[in-house]
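Input: a single structure, listed below in structure tokens.
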Amino acid sequence: MNSANTQESIARLNKAYDSIREQMSKVIVGQHDVIEHLLISLFSRGHCLLEGVPGLAKTLMISTLARTLSLSFARIQFTPDLMPADITGTDVLQENRDTGRREFRFINGPLFHNMILADEINRTPPKTQAALLEAMQERQVTVGQARHLLADPFFVLATQNPIEQEGTYALPEAQQDRFMFKVFVRYPSFEEERQIAKTTTSIQSDDIAPVLGTNDIIELQKIVRQVPVTDHVVNYALALVRQTRVSEPGAPGFITEWLAWGAGPRAVQMLLLGGKARALLHGRTHVSTEDIAELAQPVLRHRIVPNFSAESEGVTADKVIERLVKETPSKEGELTSDPRLQKIFAA
């Protein structure tokens with residue numbers, strides 16, 4: 001980064017971060033880690049999947065975040081009868097008043113907004129999920145033979161319920177991989193739930209003031225990508241991801257015992273981009289191995305597949321990642337001199 005603009009860039013991002021959290025705290029109690037992950041994905045130009053039981057304010061959290069940003073917003077309630085045209089838009093036959101001829105005119109669907117809340121995304125069938133997948137990856141939709149570009153910036157923030165399986169469709173691995181983070185929204189603490197109970201059952205003010213606009217977000221996204229990353233941090237991210245691949249030389253024994261499938265190259269990209277955004281949000285102009293380790297679970301938990309043996313022993317993806325981070329040296333000398341990891345770097 002240009003040294004003359006470094007401190008100014010950090011100050012701008014920190015100010016935006018603090019202002020958004022302040023505005024969201026008017027409505028959302030606690031959930032600080034979830035909000036941080038949402039903002040990291042926002043500034044990294046990524047999508048985010050929130051998973052939690054009903055009543056944890058997942059939908060409210062995303063809609064409140066949208067209100068803090070001067071962006072166009074659309075909420076799509078995903079249902080089993082939702083069709084691709086319901087979200088992408090469709091061609092409509094209309095009469096041209098000037099010529100008197102009938103012509104097809106494309107009518108935009110709700111995906112043509114900056115921020116999309118895909119509520120209960122796992123309730124819609126694969127055909128509609130495939131249409132959303134194109135929008136997430138290519139930032140465009142295809143209707144008939146025509147491609148239509150989406151707005152910039154474009155974010156998909158999705159929610160899903162882990163306990164209701166009736167009438168749901170598991171997200172394909174390819175679509176899960178398009179989400180930068182999968183964030184678990186957990187139960188609040190006693191004091192947080194006490195505050196929720198008091199504030200939501202009385203008169204409260206939730207006047208949310210917009211903090212950032214379209215141009216601000218695009219500029220901040222560019223600043224994030226300018227943050228330098230040392231070779232050591234890149235190697236650390238690569239080591240974490242490549243160790244999850246069962247067939248790779250150097251994979252630890254517990255990985256081959258517990259995993260059926262490991263993470264792909266996109267996981268490394270998301271770790272590094274997320275690390276850059278996290279570093280700036282914490283007032284630093286460099287990425288540390290701590291940033292990578294802190295983001296390992298939300299980046300990897302939906303990109304690795306525990307096998308039957310792990311499931312029978314109650315071993316979750318998070319437990320695998322936790323052990324992986326614990327057993328991977330973070331210091332430069334230890335990382336490169338580890339005999340097992342040397343096989344990974346030489347592969």
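Everything numeric here is computed off the predicted structure, so don't read it as measured data. Throughout, residue positions are numbered sequentially from 1 according to the sequence presented. Values reported hereafter were calculated over all heavy atoms of this structure, with side chains retained and with hydrogens, waters and symmetry mates removed.
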Item to check | Main-chain N/O of P298 paired to K182 side chain as donor or acceptor, under 3.5 Å | outcome: no
Checklist entry - Is there a path of hydrophobic side-chain contacts, each under 4.5 Å between heavy atoms of I, L, V, M, F, W or Y residues, that connects L238 with V246? => result yes
Item to check | Counterpart residues, side chain to side chain contact (heavy atoms under 4.5 Å, CB included), relative to A66 (two or more places apart) | outcome: F73, M115
Next on the checklist: My understanding is that only one of L82, D119, L117 makes a side chain to side chain contact (heavy atoms under 4.5 Å, CB included) with I76; could you say which?
Outcome noted: L82
Next on the checklist: One pair to check against side chain to side chain contact (heavy atoms under 4.5 Å, CB included): C48 and V183. What are the steps and the verdict?
Outcome noted: CA-CA 7 Å; C48 194; V183 179; 3.7 Å; yes
Checklist entry - Should R123 and T79 count as side-chain neighbours, where that means a heavy-atom distance under 4.5 Å? => result no
Next on the checklist: Ignoring hydrogens, what is the shortest heavy-atom contact between P306 and V315? Give both atom names and the distance.
Outcome noted: CB-O, 4.4 Å
Item to check | Interatomic distance, I321 atom CD1 to L295 atom CG [nearest 0.5 angstrom] | outcome: 11.5 Å
Checklist entry - Is there a side chain to side chain contact (heavy atoms under 4.5 Å, CB included) between W258 and I304 once you walk through the steps? => result CA-CA 10 Å; W258 286 339; I304 62 176; over 6 Å; no
Checklist entry - Would Y17 and E36 count as having a side-chain donor-acceptor pair, cut-off 3.5 Å? => result yes
Item to check | Spatial distance of atom OG1 (T230) from atom CG (N235) [nearest 0.5 Å] | outcome: 8.5 Å
Checklist outcome for this item: Tightest non-hydrogen contact, residues L300 and A267, listed as CD2-CB, 3.8 Å
Next on the checklist: What I want to find out is whether K326 reaches E322 closely enough, with some N-O distance under 4.0 Å, to be called a salt bridge.
Outcome noted: no
Checklist outcome for this item: To the nearest 0.5 Å, atom CZ of F112 lies from atom OG1 of T88 at 7.5 Å
Checklist entry - Is there side-chain contact between R340 and P252, with heavy atoms separated by less than 4.5 Å? => result yes
Checklist entry - Are any of the side-chain heavy atoms of L42 and F155 separated by less than 4.5 Å? => result yes
Checklist entry - Nearest heavy-atom pair of A277 and I40: which atoms, and what distance? => result CB-CG2, 3.9 Å
Checklist outcome for this item: Taken in chain and number order and not counting sequence neighbours, the residues that satisfy side chain to side chain contact (heavy atoms under 4.5 Å, CB included) with D18 are R21
Checklist entry - Would a distance-only check, ignoring hydrogens and angles, find a side-chain to backbone donor-acceptor pair under 3.5 Å from R45 to S41? => result no
Item to check | Least distance between heavy atoms, S337 atom then G333 atom | outcome: OG-O, 2.7 Å
Checklist entry - Counting only N and O atoms by type, is there a donor-acceptor contact under 3.5 Å from the side chain of N114 to the main-chain atoms of S72? => result yes
Next on the checklist: How long is the straight-line distance from CD of Q342 back to CG of L335, given to the nearest 0.5 Å?
Outcome noted: 10.0 Å
Next on the checklist: Does either side chain, that of T328 or that of Q243, offer a donor lying less than 3.5 Å from an acceptor on the other one?
Outcome noted: yes
Next on the checklist: Let me confirm one number: the OH-CG distance from Y236 to D291, rounded to the nearest 0.5 Å.
Outcome noted: 10.5 Å
Checklist entry - Side chains of V299 and V241: closer than 4.5 Å at any heavy-atom pair? => result no
Next on the checklist: Checking Q297 against F184 for the side chain to side chain contact (heavy atoms under 4.5 Å, CB included) test, could you report, in this order, the C-alpha distance in whole Å, the side-chain angles of both residues, the deciding distance, and whether it holds?
Outcome noted: CA-CA 10 Å; Q297 287 191 339; F184 288 156; over 6 Å; no
Next on the checklist: With a 3.5 Å distance limit and no angle check, can you tell me whether Q176 reaches the backbone of L171 through a side-chain donor-acceptor pair?
Outcome noted: yes
Item to check | Verify same cluster id: I218, L69 (apolar side-chain graph, 4.5 Å) | outcome: no
Checklist entry - Are the side chain of H47 and the backbone N or O of V156 linked by a donor-acceptor pair below 3.5 Å? => result yes
Checklist entry - Between I292 and V287, is any pair of side-chain heavy atoms under 4.5 Å apart? => result yes
Item to check | M136 with M83, same ILVMFWY side-chain cluster at under 4.5 Å | outcome: no
Next on the checklist: If you compare all heavy atoms of F154 against all heavy atoms of A135, which two are closest, and at what distance to 0.1 Å?
Outcome noted: CE2-O, 3.5 Å
Checklist outcome for this item: Residues pairing under salt bridge (Lys or Arg N to Asp or Glu O under 4.0 Å) where one sits in residues 217-234, two or more places apart or in two chains, turn out to be R12-E219
Checklist entry - Is there side-chain contact between S70 and T214, with heavy atoms separated by less than 4.5 Å? => result no
Checklist entry - Do any pairs count as a salt bridge (Lys or Arg N to Asp or Glu O under 4.0 Å) and have a residue in residues 249-270, sequence neighbours left out, and if so which ones? => result D177-R266
Next on the checklist: Please check: side-chain N/O of S19 versus main-chain N/O of V211, any donor-acceptor pairing under 3.5 Å?
Outcome noted: no
Checklist entry - Where is the tightest heavy-atom contact between T124 and Q129, given as atom of each residue plus distance? => result O-NE2, 3.0 Å
Checklist entry - For W261 and T244, what are the C-alpha separation, side-chain angles and deciding distance, and is it a side chain to side chain contact (heavy atoms under 4.5 Å, CB included)? => result CA-CA 8 Å; W261 202 256; T244 67; over 6 Å; no
Checklist entry - Salt bridge check: are D81 and K127 linked by an N-O gap of less than 4.0 Å? => result no
Next on the checklist: So L259 and V320, do their side chains get closer than 4.5 Å, heavy atoms only?
Outcome noted: yes
Next on the checklist: I'd like to know if the side chain of H113 reaches the main chain of L71, judged simply by a donor and an acceptor atom lying under 3.5 Å from each other, with no hydrogens or angles considered.
Outcome noted: no
Next on the checklist: Please report the interatomic distance CD1(I87) to OG1(T90), rounded to the nearest 0.5 Å.
Outcome noted: 12.5 Å
Checklist entry - Quick one: side chain to side chain contact (heavy atoms under 4.5 Å, CB included) partners of E334, sequence neighbours excluded? => result P329, K331
Checklist outcome for this item: residues 273-307 vs ring-ring contact (aromatic ring centres under 6.0 Å, His included), sequence neighbours excluded, gives none
Checklist entry - Are side-chain heavy atoms of T68 and L212 found at a separation under 4.5 Å? => result no
